[in-house]
Amino acid sequence: GNSVTQMEGPVTLSEEAFLTINCTYTATGYPSLFWYVQYPGEGLQLLLKATKADDKGSNKGFEATYRKETTSFHLEKGSVQVSDSAVYFCALSDQNAGGTSYGKLTFGQGTILTVHP
Amino acid sequence: NAGVTQTPKFRVLKTGQSMTLLCAQDMNHEYMYWYRQDPGMGLRLIHYSVGEGTTAKGEVPDGYNVSRLKKQNFLLGLESAAPSQTSVYFCASSLLRVRYTFGSGTRLTVV
């Protein structure tokens with residue numbers, strides 16, 4: 001079955017530091033890949049997505065590139081802010097070999113990011 | 001505001017009690033999902049629906065039932081709550097299976 005593995009956290013950084021959160025996946029077919037962010041006490045918000053190999057998703061200074069050859073979708077940001085403190089989830093949506101999908105999302109375990117001033 | 005609304009937001013149940021969680025969306029999405037979030041485990045799919053009148057099991061369906069009698073509503077039921085069902089429950093709906101909207105969650109504690 002499909003699976004997503006994220007780097008273990010928590011991750012603690014100083015403001016303006018460089019951020020990388022690793023994500024690798026196992027899937028059949030051609031999944032779409034996502035990064036979601038969850039702020040304390042809230043639901044999940046889409047941060048960025050990529051729907052095919054070599055696509056780069058970007059939003060609010062965050063970037064991730066869909067690497068099919070390494071089955072990875074690492075999240076990066078050049079300069080983090082205190083307001084980026086949250087839990088980050090990598091996820092993929094299912095696709096079977098025929099290209100149809102029920103859109104079921106498989107999530108990684110989440111990475112807690114804390115940014116200090 | 002358009003989106004996914006979950007009720008209730010918080011609930012404490014005693015072991016063996018039953019309850020229903022309601023998810024409502026006003027975006028005319030066909031696909032709806034129920035997930036549970038537990039520490040260190042991410043979100044896991046309980047049940048999902050690909051349209052009105054249809055439901056299917058996800059990764060962790062035991063102890064839960066669902067119904068989708070109307071397109072805009074997806075109900076999650078616990079017939080006999082157990083402490084292992086203490087979790088945060090999220091509902092989501094999907095347009096074209098690449099754009100998902102999540103509710104704000106229901107925090108359930110079973111004592």
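Per chain, numbering begins at 1; letters A, B, ... match sequence-line order.
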Asker: Is there a path from A:V11 to A:L75 through hydrophobic residues (I, L, V, M, F, W, Y) whose side chains come within less than 4.5 Å of each other?
Answerer: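 Same hydrophobic cluster.
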
Asker: Using non-hydrogen atoms and a 4.5 Å limit, figure out which bit of B:Q37 sits close to chain A: side chain, backbone, both or neither.
Answerer: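 Side chain only.
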
Asker: Is it possible for you to say whether A:F89 and A:V37 belong to one hydrophobic cluster, with membership spreading through side-chain heavy-atom contacts below 4.5 Å?
Answerer: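 No, no single cluster joins them.
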
Asker: Could you please state which residues from residues 67-84 of chain B sit under 4.5 angstrom from chain A, measuring non-hydrogen atom to non-hydrogen atom, sorted by number, or 'none'?
Answerer: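 The residues closer than 4.5 Å to chain A amount to none at all.
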
Asker: Which of residues 42-57 of chain B have a heavy atom under 4.5 Å from any heavy atom of chain A?
Answerer: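 Expected list: B:G42, B:L43, B:L45, B:Y48, B:V50.
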
Asker: If Ile, Leu, Val, Met, Phe, Trp and Tyr residues are connected whenever their side-chain heavy atoms lie under 4.5 Å apart, and connections chain through other members, are B:F102 and B:W34 in the same group?
Answerer: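 The answer is no; the residues belong to distinct hydrophobic clusters.
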
Asker: Mark yes or no for whether B:Y33, through its side chain, and A:G103, through its backbone, hold a donor-acceptor pair below 3.5 Å.
Answerer: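 Checked: pair present.
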
Asker: Return the set of residues passing ring-ring contact (aromatic ring centres under 6.0 Å, His included) with A:F62 (not counting sequence neighbours), or none when no residue passes.
Answerer: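 A:Y88.
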
Asker: State plainly whether one hydrophobic cluster holds both A:M7 and A:V4, where clusters connect Ile, Leu, Val, Met, Phe, Trp and Tyr through side-chain heavy atoms under 4.5 angstrom apart.
Answerer: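 Hydrophobic grouping puts A:M7 with A:V4.
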
Asker: For residues 68-88 of chain A, pull every pair meeting salt bridge (Lys or Arg N to Asp or Glu O under 4.0 Å), keeping only residues two or more places apart or in separate chains.
Answerer: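 Those involving residues 68-88 of chain A are A:K77-A:D84.
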
Asker: Answer with side chain, backbone, both or neither: which region of A:I112 has an atom nearer than 4.5 Å to a non-hydrogen atom of chain B?
Answerer: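 No part of it gets close to chain B.
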
Asker: Atom CZ in B:R99, atom CZ in A:F34: separation rounded to 0.5 Å?
Answerer: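 So the CZ of B:R99 and the CZ of A:F34 are separated by 10.5 Å.
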
Asker: Is A:Y39 linked to A:L48 within one hydrophobic cluster, defined over Ile, Leu, Val, Met, Phe, Trp and Tyr using a side-chain heavy-atom separation of less than 4.5 Å?
Answerer: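 Same cluster.
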
Asker: Which atoms of A:Q38 come close to chain B, meaning under 4.5 Å heavy atom to heavy atom: side chain ones, backbone ones, both, or neither?
Answerer: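 For A:Q38, side-chain heavy atoms alone lie under 4.5 Å from chain B.
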
Asker: Less than 4.5 Å apart, any side-chain heavy atom of A:L44 and any of B:Y35?
Answerer: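 Side-chain contact under 4.5 Å: no.
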
Asker: If we only count heavy atoms from C-beta on, is the B:Y100 to A:L46 side-chain gap below 4.5 Å?
Answerer: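 No, their side chains stay 4.5 Å or more apart.
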
